[in-house]
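Taking it in order: structure first as structure tokens, then the write-up.
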Amino acid sequence: MDSFTSFLCLCSIIFQSISLIEAQASLCRTTCGDIPINYPFGIDDGCGSPYYRHMLVCSDLGNLYLRTPSGRYPVHSISYSDPHILVTDPLMWNCRDGDHFRPTRPFSLDTSTPFTLSSQNDYLFFNCSEDYVIVEPKPIFCERFPDRCDSSCDSASYLCRHLPECADALSASSCCSYYPKATESLRLMLRYCASYTSVYWKTVGSTTNSPYSQVPEYGIRVDFDVPVTTHCLQCQDPSKGSGTCGFDTQTHNFLCLCKEGNVTSYCKGHDISRHKRAGVIAGTVTGISAAGAIGIGIGIWVVKKVRAKAPVTCGVQSNENRIF
């Protein structure tokens with residue numbers, strides 16, 4: 001090959017790399033399986049809010065998981081209008097277990113994150129040792145003043161008498177309802193109880209005033225905050241280009257992810273090529289314009305160095321086409 005052909009070969013490799021950078025810059029998946037992934041979440045690094053970085057994981061099979069200090073939990077659904085995530089814990093008791101209890105672990109959240117356990121969760125404990133746990137029916141006034149009744153596990157609770165989906169699942173085991181104030185109290189309860197499960201109150205219908213507007217279902221409701229910023233609102237605005245809110249994976253500074261690249265404000269009306277393509281997705285840290293300039297410079301250098309009749313093969317280095 002002649003020197004001009006070798007130059008074209010090198011340019012092809014460079015422009016393939018540039019195309020890869022562009023593809024990575026626009027990679028923000030909006031679903032995992034059938035669960036929508038919207039701001040503030042992201043399952044690709046650099047998408048969404050940095051406050052929720054690496055907290056959601058999408059498997060190769062399209063299953064979504066929430067990461068917490070106690071493990072990875074399957075996500076059942078995400079609500080953005082009433083911000084919360086519903087997760088399940090396969091180790092918790094379920095109707096199929098009946099009177100057979102499996103070893104479990106206490107669910108916990110990192111208190112430094114914007115996640116909180118919802119007050120709509122209730123916890124049921126089974127076969128607790130009455131030598132260590134106060135198991136007794138709570139007085140009626142506890143419904144109005146629950147803070148005065150924290151010390152006992154309610155053996156006459158509605159949920160124990162009406163186990164969701166399987167009212168008669170327990171035949172020889174005791175049940176009581178208790179709401180732990182912290183992970184440590186949950187861990188302490190499990191030292192003296194055979195197992196536990198979480199039940200959340202799901203809102204149904206269009207009104208919340210009806211006594212039948214909520215139904216109990218198994219699962220853990222985790223509430224989250226949506227950090228709304230002017231930058232993100234402008235970025236998502238259709239009149240300003242309908243970008244995707246993201247962040248620089250190294251500095252955590254805000255970035256608006258556009259089809260043509262990334263900017264620090266919004267997509268429409270900006271010369272995106274003037275902005276540095278900072279590391280957003282998969283560690284992308286090279287600017288396209290910078291890569292192009294460097295590539296052309298290297299190409300010219302190679303043309304000057306390569307001898308006219310020297311053998312050149314794309315992707316294979318020899319003593320004649322070695323760059324470094």
Side-chain angles (χ1 to χ4, degrees), residues 32 35 37-58 64-93 103-125 128 132-133 146-154 176-193 195-203 217-229 232 245-254:
C32 178
I35 299 178
I37 306 298
N38 301 329
Y39 184 82
F41 299 121
I43 51 179
D44 299 296
D45 200 9
C47 301
S49 167
Y51 296 113
Y52 294 97
R53 186 181 186 185
H54 300 319
M55 292 185 183
L56 291 182
V57 179
C58 187
L64 188 64
Y65 296 90
L66 173 67
R67 284 168 137 174
T68 81
S70 54
R72 292 187 1 165
Y73 299 89
V75 175
H76 180 265
S77 63
I78 300 178
S79 171
Y80 296 94
S81 56
D82 176 20
H84 70 271
I85 297 177
L86 294 179
V87 302
T88 59
D89 183 354
L91 295 180
M92 282 186 178
W93 181 90
T104 187
R105 60 173 183 252
F107 178 84
S108 67
L109 289 173
D110 185 347
T111 56
S112 67
T113 67
F115 287 127
T116 56
L117 280 174
S118 173
S119 59
Q120 296 183 27
N121 294 325
D122 275 316
Y123 298 92
L124 302 181
F125 294 85
C128 297
Y132 299 96
V133 178
D147 290 343
R148 302 182 186 180
C149 304
D150 283 346
S151 60
S152 64
C153 193
D154 185 7
C176 63
S177 176
Y178 179 74
Y179 185 80
K181 291 292 186 181
T183 301
E184 185 57 37
S185 57
L186 174 56
R187 187 176 295 111
L188 189 62
M189 287 287 288
L190 285 178
R191 288 178 58 185
Y192 306 113
C193 300
S195 186
Y196 87 119
T197 193
S198 174
V199 176
Y200 72 95
W201 291 89
K202 178 181 178 180
T203 301
E217 290 191 6
Y218 294 105
I220 307 169
R221 172 173 165 144
V222 178
D223 294 337
F224 64 88
D225 297 323
V226 180
V228 179
T229 65
C232 185
C245 298
F247 59 93
D248 186 308
T249 56
Q250 296 185 6
T251 66
H252 285 191
N253 291 334
F254 173 82

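In what follows, every heavy atom counts, from backbone to side chain, and hydrogens, waters and symmetry copies are set aside. Since this is a predicted model, take the numbers as computed values, not measurements.
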Shortest non-hydrogen contact from [X] to [Y]?
X: Leu86; Y: Tyr200; value: CD1-OH, 3.2 Å
X: Pro180; Y: Tyr123; value: CD-CD1, 3.3 Å
X: Thr249; Y: Arg53; value: O-NH1, 3.1 Å
X: Tyr73; Y: Pro106; value: OH-O, 4.4 Å
X: Val75; Y: Ile78; value: CG1-CG1, 4.0 Å
X: Cys153; Y: Tyr178; value: SG-CB, 3.6 Å

Check against side-chain contact (heavy atoms from CB on, under 4.5 Å), Thr116 and Leu109: CA-CA 7 Å; Thr116 56; Leu109 289 173; 5.5 Å; no

What do you reckon, are the aromatic ring centroids of Phe125 and Tyr196 less than 6.0 Å apart? yes

Looking only at atom types and distance, does a side-chain atom of [X] sit under 3.5 Å from a main-chain N or O of [Y], one as donor and one as acceptor?
X: Ser198; Y: Gly219; answer: yes
X: Asn121; Y: Arg221; answer: yes
X: Asp44; Y: Cys47; answer: no
X: Arg105; Y: Ser70; answer: yes
X: Asp225; Y: Pro227; answer: no
X: Thr68; Y: Ser108; answer: yes

Flag if over 12 foreign heavy atoms under 6.0 Å of OH, Tyr51: no

Answer yes or no: are there more than 12 heavy-atom neighbours, outside Tyr80 itself, under 6.0 Å from its atom OH? yes

So, taking the atom named [atom1] in [X] and the one named [atom2] in [Y], what distance separates them when rounded to the nearest 0.5 Å?
X: Thr111; Y: Leu117; atom1: OG1; atom2: CG; result: 11.0 Å
X: Met55; Y: Asp110; atom1: CE; atom2: CG; result: 6.5 Å
X: Ile220; Y: His76; atom1: CD1; atom2: NE2; result: 13.0 Å
X: Cys193; Y: Tyr132; atom1: SG; atom2: OH; result: 12.5 Å

Does the side-chain contact (heavy atoms from CB on, under 4.5 Å) test come out yes or no for Leu64 and Val57, once each step is laid out? CA-CA 6 Å; Leu64 188 64; Val57 179; over 6 Å; no

Determine, for Tyr65 and Arg72, whether the Lys NZ or Arg CZ falls below 6.0 Å from the six-membered ring centre while staying within 45 degrees of the axis.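 Satisfied, under 6.0 Å and within 45°.
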
Do the cysteine sulfurs of Cys128 and Cys176 sit under 2.5 angstrom from one another? no

4.5 Å side-chain heavy-atom contact, Phe224 and Pro83: yes

With disulfide (SG to SG under 2.5 Å) as the test, would you mind laying out the steps for Cys32 and Cys58 before giving the verdict? CA-CA 6 Å; Cys32 178; Cys58 187; 2.1 Å; yes

Could you check Thr203 against Asp82 for side-chain contact (heavy atoms from CB on, under 4.5 Å), going step by step and ending with a plain yes or no? CA-CA 10 Å; Thr203 301; Asp82 176 20; 5.7 Å; no

Quickly, which of Phe247, Phe41, Tyr39 forms a ring-ring contact (aromatic ring centres under 6.0 Å, His included) with Tyr52? Name it, please.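 Of Phe247, Phe41, Tyr39, ring-ring contact (aromatic ring centres under 6.0 Å, His included) with Tyr52 is met by Phe41 alone.
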
As a quick check of understanding, evaluate side-chain contact (heavy atoms from CB on, under 4.5 Å) for Trp201 and Asp122, giving each step before the final call. CA-CA 8 Å; Trp201 291 89; Asp122 275 316; 2.7 Å; yes

